[in-house]
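For reference, the structure discussed in these notes is given below.
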There are 2 protein chains.
Amino acid sequence: MTATASKHDVFQAVADPTRRQLLKLLSDQEMPVTVLSSHFPMSRTAVSKHLRILSEAGLVKERKVGRETRYRLDPGPLQELKDWYSYFERFWENKMAALQHFVESDGSERFPAPLTMVEKEKEQD
Amino acid sequence: MTATASKHDVFQAVADPTRRQLLKLLSDQEMPVTVLSSHFPMSRTAVSKHLRILSEAGLVKERKVGRETRYRLDPGPLQELKDWYSYFERFWENKMAALQHFVESDGSERFPAPLTMVEKEKEQD
DNA sequence: TTGACATGAAACCAAAAGGTTTCGTATAAT
DNA sequence: ATTATACGAAACCTTTTGGTTTCATGTCAA
């Protein structure tokens with residue numbers, strides 16, 4: 001159990017453009033919610049909720065300073081994203097060859113039957 | 001306009017675990033919907049809809065062979081994911097130092113005021 | 001001590017997401 | 001011809017998402 005697998009994973013956290021921009025803003029330095037929300041056409045509360053999702057995914061850390069809460073980027077969990085797509089990098093080089101086969105095939109062959117299939121690795125992504 | 005910026009982008013497409021697994025299955029070889037759906041605890045139609053989303057994001061290509069439609073992985077759009085991620089790689093090395101500062105700060109300083117801010121790059125992610 | 005600021009929690013809402021079942025159509029097999 | 005397969009489209013439903021407004025609390029400033 002490496003990944004915390006909590007309610008919000010990195011993939012989902014990063015799926016929203018607002019949250020992606022939040023991460024970029026926070027990459028410079030830590031910032032309180034009010035400052036962050038000034039960059040978006042939505043309410044402070046909405047931004048606050050986005051921050052909580054990022055926090056649950058472990059992508060930001062928070063810290064109270066007086067009456068404000070400052071958020072800071074934690075890029076750590078992004079590693080999971082990298083690991084995931086790096087799996088596909090090996091297909092990058094094959095892409096041309098694969099496309100070639102794709103085009104050349106006349107489709108007359110039946111789809112290969114049993115397939116062995118990886119099966120059973122259901123939620124391993 | 002490099003990115004097609006259509007209804008479904010790569011980030012969103014990849015946010016769903018079912019779709020991520022679909023991509024993995026397809027990385028081996030092309031497959032028709034029925035075979036793919038046998039790997040999931042949901043209806044064929046549901047899988048079909050996931051495939052359409054992947055297709056809209058450009059991550060899979062389809063091809064009719066007789067009465068079946070075979071889907072194939074196109075890893076190309078994953079580049080966008082990689083590019084995005086790579087922006088944050090430079091913060092990896094700083095992570096320790098940053099955390100250090102994070103801990104050391106006594107919070108007595110007010111949050112830096114004007115901040116100049118990148119502003120205006122709204123939807124550039 | 002009184003008021004202004006910073007923020008999260010709560011209640012609420014509309015739209016999107018993820019599924020299901022049903023149906024129509026094209027292709028393959030008998 | 002007729003039946004079985006493969007599949008997408010459509011209609012429908014429930015839960016999640018992304019937002020809003022309102023409210024309570026803690027902290028800073030006068």
Side-chain angles (χ1 to χ4, degrees), chain A residues 6-23 26 30-57 60-72 106-113 115 123, chain B residues 6-22 26 30-57 60-72 106-113 115 122-123:
Chain A
S6 68
K7 190 182 172 192
H8 286 112
D9 64 4
V10 184
F11 289 95
Q12 202 193 333
V14 149
D16 185 276
T18 299
R19 290 195 287 268
R20 286 201 296 278
Q21 201 185 343
L22 278 172
L23 292 180
L26 289 174
E30 61 176 9
M31 290 183 215
V33 187
T34 307
V35 173
L36 284 169
S37 70
S38 73
H39 293 264
F40 300 90
M42 66 185 75
S43 72
R44 172 188 54 79
T45 312
V47 172
S48 188
K49 290 211 281 187
H50 279 302
L51 285 168
R52 195 146 80 83
I53 290 171
L54 289 173
S55 178
E56 284 171 359
V60 302
K61 299 303 178 193
E62 44 205 288
R63 149 205 194 212
K64 295 290 295 283
V65 175
R67 59 182 162 182
E68 63 184 23
T69 305
R70 297 190 193 163
Y71 290 85
R72 157 176 296 280
D106 65 352
S108 61
E109 358 71 49
R110 184 75 103 300
F111 183 76
L115 264 185
E123 187 52 37
Chain B
S6 69
K7 189 184 173 190
H8 286 112
D9 64 4
V10 184
F11 289 95
Q12 202 192 334
V14 148
D16 185 277
T18 298
R19 290 195 287 268
R20 286 200 296 278
Q21 202 185 343
L22 278 171
L26 289 175
E30 62 176 9
M31 290 184 216
V33 186
T34 307
V35 173
L36 284 169
S37 70
S38 72
H39 293 264
F40 300 90
M42 65 185 75
S43 72
R44 171 186 55 79
T45 313
V47 172
S48 188
K49 289 210 280 186
H50 280 301
L51 285 168
R52 195 147 80 84
I53 290 172
L54 289 173
S55 178
E56 284 171 359
V60 301
K61 299 302 178 195
E62 46 205 286
R63 151 205 194 210
K64 295 289 296 280
V65 175
R67 58 182 161 182
E68 63 184 21
T69 306
R70 297 191 194 164
Y71 290 84
R72 155 176 298 279
D106 63 354
S108 62
E109 357 71 51
R110 184 75 105 299
F111 183 77
L115 264 185
K122 286 285 181 184
E123 187 53 35

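These values consider heavy atoms only, across backbone and side chains, with no hydrogens, waters or symmetry-generated copies. Within every chain, numbering begins at 1; the chains are lettered A, B, ... in the order of the sequence lines, protein sequences first and strands thereafter.
- Results of the side-chain contact (heavy atoms from CB on, under 4.5 Å) test with B:Leu26 over B:Lys61, B:Met31, B:Arg70 single out B:Met31 as the only residue that passes.
- Distance CD/A:Glu30 to CZ/A:Arg63: 4.0 Å, rounded to 0.5 Å.
- Put simply, CG on B:Leu36 is 11 Å from P on D:dG8, counting in whole angstrom units.
- Remark: B:Ser48 is in phosphate contact with D:dG8, judged by side-chain N or O atoms under 4.0 Å from OP1 or OP2.
- Going from atom CG of A:Leu51 over to atom P of C:dA6 covers 16 Å, rounded to whole Å.
- Taking atom NZ of B:Lys64 as the reference point, atom C1' of D:dA6 lies 9 Å away to the nearest angstrom.
- One interatomic measurement links the two molecules: CZ of B:Arg63 to C1' of D:dA6, which rounds to 16 Å at whole-angstrom precision.
- Computed from coordinates, the A:Phe40 CZ to D:dG18 C1' distance equals 14 Å when rounded to whole Å.
- Going from atom CG of A:Leu22 over to atom P of D:dG18 covers 12 Å, rounded to whole Å.
- The B:Thr34 side chain lies nearest to D:dA6 when the options are C:dT7, D:dA6, C:dG8.
- For B:Tyr71 and D:dG8, the shortest distance from a side-chain N or O to OP1 or OP2 is below 4.0 Å.
- Distances from the side chain of B:Arg52 to the nucleotides D:dC7, C:dT7, D:dA9 place D:dA9 closest.
- Here the P atom of nucleotide D:dT17 and the CZ atom of B:Phe11 are 18 Å apart, to the nearest Å.
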Atom pairs and distances, donor-acceptor, side-chain atoms in residues 40-55 of chain B, under 3.5 Å, two or more places apart:
residue: B:Ser43; atom: OG; partner: B:Ala46; partner atom: N; Å: 3.1
residue: B:His50; atom: ND1; partner: B:Arg19; partner atom: NH1; Å: 3.0
residue: B:Arg52; atom: NH1; partner: B:Glu56; partner atom: OE2; Å: 3.3
residue: B:Ser55; atom: OG; partner: B:Glu62; partner atom: OE2; Å: 3.1

Give the B/S/- string for nucleotides 14-21 of chain C, one per nucleotide from 5' to 3', where a protein heavy atom under 4.0 Å of the base yields B, of only the sugar-phosphate yields S, and otherwise -.
-> ---SSBBB
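- The shortest distance between side-chain heavy atoms of A:Arg20 and A:Leu23 does not fall below 4.5 Å.
- Between the CG atom of B:Leu36 and the OG1 atom of B:Thr69 there is a distance of 11.0 Å, given to the nearest 0.5 Å.
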Between protein and nucleic acid, restricted to nucleotides 1-5 of chain D and to nitrogen or oxygen atoms under 3.5 Å apart, what atom pairs and distances do you find?
residue: D:dT5; atom: O4'; partner: B:Arg67; partner atom: NH1; Å: 3.0
residue: D:dT5; atom: O2; partner: B:Arg67; partner atom: NH1; Å: 3.1

